[in-house]
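In what follows, every chain begins at residue 1, and chains take the letters A, B, ... in the order their sequences are listed.
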There are 2 protein chains.
Amino acid sequence: MADRKTPAQQQAEEMAASLRAAGVRVTRQRVVLLEVLAEADDHPDAIELHRRAKEVDDSVSLATVYRTLTVLEQQGVVQRHAFEGGGARFETAETAHHDHLIDLETGDVIEFSSEKIERLQAEICAELGYELIHHRLELYCRKRPKKS
Amino acid sequence: MADRKTPAQQQAEEMAASLRAAGVRVTRQRVVLLEVLAEADDHPDAIELHRRAKEVDDSVSLATVYRTLTVLEQQGVVQRHAFEGGGARFETAETAHHDHLIDLETGDVIEFSSEKIERLQAEICAELGYELIHHRLELYCRKRPKKS
DNA sequence: AATGCTTATGAGAATGAGTTGCAATAAAAG
DNA sequence: CTTTTATTGCAACTCATTCTCATAAGCATT
């Protein structure tokens, strides 16, 4: 009877621990949010997260979802993205850095990363006399028709 | 007495001609907006464009600025950008493709372009079975302290 | 330059994502 | 279990943007 917990539950607990370690209160609604976030393998927006959170605990308010997401972002536990059209979307920040490819037809998001591009970005900033703090790279694509 | 017109005026007229050619009505307020856009060398938002337009013709309404910007974007005459924090910002689309470096302290926008990065982006899409339609690359930077 | 068909405009109301003030509530520390 | 202090739910609010609708032009034609 090992691993009684799902990976998502474990991740949620890790995030909670990290918050406590930073002196942030871990409330009932924050735990719910962390669980929802840990289970999500897409990039939901605040309203979708609220919907999912309410399935666990109906009393969680949208305002708290927004406030909590802000806290989690500040703590580096989630990342906020602002893709074209529509509101902010979130994902847990545990995974390594990556950029996003957005399927224009379905809205699906695929993660990718390129060492070369990262390097080139830093070079460009340096040439212009700047230090790169963070960046945003989004590729808006259409699925390529299969060659039959 | 050659070139009585400034380059910005010429550009505004070209854009107007392009609109007329596409069967789009060129109204008094659209002309004003085109002039304002042609003169701008920054990346103003709708409210700033409205402010500048009102200096030329006080009757131009904000709603019309928004409506016109949408039309101009559809016609490929301006480009809309959504940088972090705050509303959409615009620039004329005549210039060649470029990406943006945003100074986090001042909000200044510097344009740059990199053949290598463009190529890498297309490669990444291709590998994932997609066709790149357009992309967004923004570098958020801080000015590097000069080595004295 | 007057006509008529159609689209654009101004003013303000409406929307939608996100935030905030406040009184009630619940973490965490003692 | 009490105190301290941060968090919550709710509703009111902000801010960028869009919409509604009656009026006012474009512009192709007479």
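- Between the side chain of A:R30 and the backbone N or O of A:R25 there is at least one donor-acceptor pair closer than 3.5 Å.
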* Indicate for each nucleotide in nucleotides 22-30 of chain D, in 5' to 3' sequence, whether protein heavy atoms under 4.0 Å reach the base (B), only the sugar-phosphate (S), or nothing (-). => ---BBS---
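- In this structure, B:V31 and B:E35 have side chains that are in contact, with non-hydrogen atoms separated by less than 4.5 Å.
- Contact annotation: the side chain of B:Q29 never approaches that of B:T68 to less than 4.5 Å [non-hydrogen atoms, C-beta and beyond].
- Both A:V60 and B:L62 sit near DNA chain D, but only A:V60 has its closest nucleotide nearer the 5' end.
- Residues A:E91 and A:H43 bring a donor and an acceptor atom of their side chains to less than 3.5 Å of each other.
- Contacts between residues 30-58 of chain A and DNA chain C, defined by a heavy-atom separation under 4.0 Å, are made by A:I47.
- Note on A:T64: a side-chain N or O is less than 4.0 Å away from OP1 or OP2 of D:dG9.
- The distance between atom CG of A:L72 and atom P of D:dT7, rounded to the nearest whole Å, is 11 Å.
- Considering only heavy atoms from C-beta on, B:L37 stays 4.5 Å or farther from B:Q11 through its side chain.
- No side-chain heavy atom of A:L72 sits under 4.5 Å from any side-chain heavy atom of A:T92.
- Within the 6.0 Å centre-distance limit, the rings of B:H135 and B:H97 are counted as a close aromatic pair.
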Taking only nitrogen or oxygen atoms into account, show me every contact under 3.5 Å that the protein makes with nucleotides 20-22 of chain C, one pair per line with its distance.
| from | atom 1 | to | atom 2 | distance (Å) |
| --- | --- | --- | --- | --- |
| C:dG21 | O6 | A:R67 | NH1 | 3.2 |

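- Here the P atom of nucleotide D:dT7 and the CD atom of A:Q75 are 10 Å apart, to the nearest Å.
- A donor-acceptor contact shorter than 3.5 Å is absent between the side chain of A:Y130 and the backbone of B:L139.
- Between B:H81 and B:F83, the ring planes lie parallel to each other; the angle is under 30°, not in the 30° to 60° tilted range.
- A straight line from OH of B:Y66 to P of C:dA14 spans 19 Å, rounded to a whole angstrom.
- Following rounding to the nearest Å, B:Q74 (CD) and C:dA8 (P) show an atom-to-atom distance of 10 Å.
- Atoms CZ and CD, on B:R20 and B:E13 in that order, are 9.0 Å from each other to the nearest 0.5 Å.
- Atom pair A:L69:CG and D:dT7:C1' shows a separation of 15 Å (rounding to whole Å applied).
- Connection of A:Y140 to A:I110 is not established within any shared hydrophobic cluster, with ILVMFWY side chains joined at heavy-atom distances below 4.5 Å, either directly or through further cluster members.
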